[in-house]
Amino acid sequence: MHWMMWIFWGSLAALFAGSFLVDVLTRGKYNLNKQEKTLNQNLAEAEARRDAGRDNNQGGMF
């Protein structure tokens, strides 16, 4: 059972070391809080807004 502890904590330490190494190599380029939208996402959002306005039944004849 002692070897299971070494495998568990070793894999956890390797995961943290790997993530730190990726962060250092990319110089913190990837920020998860602020992501820019791609052109495809902007076009899809605009199309969804147009489609939602097209099916709006609140402005009837009366």
Side-chain angles (χ1 to χ4, degrees):
M1 283 305 220
H2 189 70
W3 58 272
M4 290 178 106
M5 179 192 70
W6 281 106
I7 291 174
F8 175 75
W9 290 114
S11 61
L12 197 63
L15 182 69
F16 280 120
S19 62
F20 179 74
L21 184 65
V22 166
D23 191 42
V24 168
L25 290 177
T26 58
R27 295 180 183 96
K29 179 176 134 183
Y30 299 105
N31 187 2
L32 296 177
N33 295 331
K34 186 181 112 180
Q35 292 182 350
E36 295 182 8
K37 291 183 179 179
T38 63
L39 182 60
N40 193 21
Q41 287 173 323
N42 289 335
L43 291 174
E45 184 179 355
E47 179 64 28
R49 289 181 190 273
R50 279 193 299 272
D51 197 28
R54 194 176 300 133
D55 294 332
N56 187 0
N57 294 326
Q58 292 180 358
M61 283 177 41
F62 303 106

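All values reported here derive from a predicted model rather than from experimental measurement. Any value given below was found using the heavy atoms of this structure, including those in side chains, with hydrogens, waters and symmetry copies removed.
- In this structure, Leu21 CG and Thr26 OG1 are separated by 9.5 Å, a value rounded to the nearest 0.5 Å.
- Atom CE of Met4 has 12 or fewer neighbouring heavy atoms from other residues, nucleotides or ligands inside a 6.0 Å radius.
- Counting only residues at least two apart or on different chains, the side chain to side chain donor-acceptor pair (under 3.5 Å) pairs with a member in residues 5-18 are His2-Trp6.
- If you chain together hydrophobic residues whose side chains sit under 4.5 Å apart, Leu25 and Phe16 never meet in one group.
- Residues Leu15 and Val22 do not share a hydrophobic cluster, defined by chaining ILVMFWY side chains whose heavy atoms lie under 4.5 Å apart.
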